[in-house]
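To find a chain, count down the sequence lines: A is the first, B the second, and so on, and within it residues start at 1. It should be emphasised that the depicted structure is a prediction, and the values quoted were computed from it without experimental measurement. All heavy atoms count here, side chains included; hydrogens, waters and symmetry mates do not.
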Amino acid sequence: MMKTVELNKKQTAIVQALEPQFKKAGIVYRLWVGLLLALILFGAYGLYKQIAIGHVVTGMRDNVVWGYYIANFIYFIGVSYGAAMLAAILYYFKVPWGRPIIRISALVAFITGIIGPVFILLCIGRFDRLHYLFIHARVQSPITWDVMVISTYLVGITVFAYLLLVKDFAILRDSPLLELPSWRRKLYSALALRYKGTEEQENQIDHSTKSMAFIMVPKVILAFAVLSWIFGMSLRPGWHSTIFGPAYVISSVATGIALIIGVMWVYRKLFGLDEYLTDQHFRKMALILLVLVAAFGYFTFSEYITSWYSSGKWEAAVTAKLLDFDEFGWAFHLANLFGIIIPIIVIAFPRLRTPNNLALISLLLVVAVWVRRYLTVVPPLETPLLPVQDARPEFLHYSATWVEWALVLAGAATFFIFFTLIPKLINVIPISVYEKENK
Amino acid sequence: MKRSNSINWPFSFGHWMLVLLLLGLSVNVWGQEEEEEPEQISSRMSLSAVQRGEDMAELKALARAKIDGRFTGLPGLEVAFFSLSDTLEKELGKATTDEDGIASLSISKSELYADTAGAFMLAARFDGNDEYSDSDDEITITAATIGLEAQEEDSTRTLVATLESRGLPIAEADVYFYVKGTFRPLKIGEATTDEDGMASVEFPAGLPGNPDGSIDMFVRLEEDDTYGTVESGVSEPWGIPAKESASVTRGLSSPNPPLWLLLTFVALLLIIWGHYLEVIYKLFRLRKKAAEN
């Protein structure tokens with residue numbers, strides 16, 4: 001008889017608990033997927049308009065050359081880096097409570113990592129010159145560093161997420177507890193790389209995964225740093241700041257964790273995973289979030305008090321715009337309220353630290369940080385180093401068009417559709433990580 | 001203990017959506033000007049004119065308003081310029097105010113109405129908009145020209161200005177001599193015209209010039225009650241040639257990256273991609289070995 005992967009009690013329980021996750025899709029599920037597909041199609045129509053007519057259909061112009069697309073890019077890729085970092089740390093240090101969260105973290109990292117760079121492509125006017133980024137690369141340009149770092153990161157997170165899955169694919173392939181159509185068994189079989197759970201195979205997978213996790217952390221920090229250097233190394237007011245990088249790292253990791261909390265909450269409710277994603281997991285994640293959000297608050301305060309108090313004319317002009325309620329004041333203050341202050345208050349009081357509350361503040365934080373990303377990109381571009389004379393108002397002020405909205409919504413819909421479809425194929429609670437349990 | 005599965009929301013679903021919506025909208029709606037119609041602020045116009053060379057005149061209109069207790073230039077306003085006579089009015093053109101609130105228009109003096117004494121009546125007018133009230137200003141200037149001659153005798157260099165109106169010299173007028181600089185003019189002297197309308201200053205030695213050694217000089221009668229501002233210029237090779245600015249040697253701007261940067265870049269990529277290749281190779285081997293067994 002062919003050898004199959006053996007399961008212990010805990011693992012068997014997880015496989016049995018997969019039923020709600022793998023069950024046939026109901027009407028609500030289908031409607032939801034239909035809605036998301038409609039949004040993606042709407043985005044595709046916007047993209048068609050953008051390609052056919054040109055970037056004039058967006059709100060981006062000579063002066064404000066970046067808008068929603070780049071805000072979305074730095075948002076998603078930042079979240080991806082943050083989630084990847086968490087997954088890698090939880091795996092590498094074998095944090096006992098982190099085991100059920102690794103899969104969700106890796107999924108968040110992988111999915112946002114795919115969506116983020118798409119927005120750069122949307123922002124690029126000439127697709128036909130895309131390969132110039134490689135054939136005419138200047139090693140001294142932060143843009144080149146970013147192209148390399150992002151492609152390197154994407155390969156890394158894909159391999160890492162896959163390595164985390166190989167053993168589970170083997171379990172799904174072999175498990176007699178699951179009633180699966182034959183095409184799925186075949187798919188799992190192909191993806192499991194003939195893994196049978198022999199000691200040698202196990203050691204090899206563990207070693208590879210561990211080394212990928214190990215290299216993930218410095219790689220992610222490098223990737224973060226390169227992206228923030230694109231901004232920080234320019235002389236533009238509002239970007240040229242030494243704290244830009246650290247603030248971006250901290251806020252992105254916080255957003256990644258908030259997103260993971262949100263996904264944990266939804267999956268727990270939908271698939272009845274209370275036994276695996278316990279209140280304790282939410283509280284532990286919240287405490288990490290608290291530290292990060294507090295640091296983000298401090299960095300934000302430090303950045304803006306410095307430029308407000310002492311800096312030159314243009315730097316102060318950006319800060320003034322962010323504080324002025326007739327300009328970006330509402331967005332800035334509300335983003336700080338929902339992204340920093342409320343999360344700190346809710347997490348700081350143990351009584352308030354319930355999974356429902358944490359999911360709510362996570363959602364607020366996820367939106368608030370997106371607003372902060374927008375405020376990172378647009379107000380500095382609306383404040384050029386030299387005064388622009390005799391320019392049309394739309395050159396000086398950015399206002400997103402329906403095309404940009406359509407593509408941003410399509411991006412969000414893609415995110416949701418991944419998270420809706422993937423659990424139909426892959427178990428969200430990893431099974432193999434419990435292999436040492438009860439053995 | 002049995003865990004409760006019921007959802008204890010501190011907020012309803014509607015609350016969530018409302019908060020989200022507000023937060024999202026804040027980017028666009030609050031990022032822009034308020035919709036409410038603000039009170040109209042009264043604007044103020046000041047017109048001045050510079051007569052340049054033989055025939056040209058530059059009209060400058062400064063639009064200002066008292067904002068937060070301070071007079072501030074108003075950018076982006078459309079100002080129309082007119083030449084007036086006792087009975088006629090001719091629009092000369094329109095210009096938009098710049099960041100400092102100044103709109104300017106250059107025009108040939110031959111296009112202006114002139115009275116028998118050679119005086120031009122000029123006007124600038126802003127018709128008002130939702131934000132600022134209308135305003136205008138009128139000035140009368142008399143045609144005048146100022147000539148500038150650069151003379152060199154032995155080692156003495158002199159600038160001589162001749163101020164005239166309709167062929168007659170203007171005496172007892174203070175004129176100022178400048179050289180042009182990158183950012184602002186440098187005053188090199190002032191003098192009063194004699195009965196022939198002439199005034200002169202000695203040109204100082206040792207001034208830096210353009211790369212070819214030339215210096216752009218001009219003389220100006222400034223904001224005179226009768227003539228307005230009158231100026232003209234001349235260029236002479238009297239300066240010390242400026243050195244070509246030193247080329248930028250920073251490595252990042254050159255076509256080739258500095259060695260340390262290239263090595264770091266390549267090393268990092270090699271380490272990470274080498275590591276990837278090892279892991280991927282092992283994965284393939286895993287599959288192959290399992291098949292062999």
Exercise. Could you check which of A:Ser208, A:Ser211, A:Ser141 has the highest count of heavy-atom pairs closer than 4.5 Å to chain B?
Key: A:Ser211

Self-check item: Contact winner vs chain B - A:Thr152, A:Ile215, A:Val155, heavy-atom pairs under 4.5 Å
Solution: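 The answer is A:Thr152.
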
What part of [X] gets closer than 4.5 Å to chain B, counting heavy atoms only: side chain, backbone, both or neither?
X        : result
A:Gln204 : side chain
A:Leu352 : neither
A:Phe332 : neither
A:Ile205 : side chain
A:Val159 : side chain
A:Phe160 : neither

Quiz item: According to the ring-ring contact (aromatic ring centres under 6.0 Å, His included) rule, which pairs have a member within residues 197-222 of chain A, sequence neighbours left out?
Solution: A:Tyr92-A:Phe214

Quiz item: Sequence neighbours excluded, which residues qualify as salt bridge (Lys or Arg N to Asp or Glu O under 4.0 Å) partners of B:Glu138?
Solution: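 Result, salt bridge (Lys or Arg N to Asp or Glu O under 4.0 Å) vs B:Glu138: none returned.
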
Practice problem: Report, by ascending residue number, the residues of residues 64-76 of chain B in heavy-atom contact with chain A at a distance under 4.5 Å; give 'none' if the set is empty. | Solution: none

Quiz prompt | Contact residues of residues 272-288 of chain B (partner chain A; heavy-atom separation under 4.5 angstrom) | solution =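 Checking residues 272-288 of chain B against chain A gives B:Ile272, B:Trp273, B:His275, B:Tyr276, B:Val279, B:Ile280, B:Lys282, B:Leu283, B:Leu286, B:Arg287.
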
Practice problem: Would you sort out whether B:Lys289 and A:Arg194 count as a side chain to side chain contact (heavy atoms under 4.5 Å, CB included), showing the intermediate values? | Solution: CA-CA 9 Å; B:Lys289 265 185 128 177; A:Arg194 300 203 179 108; over 6 Å; no

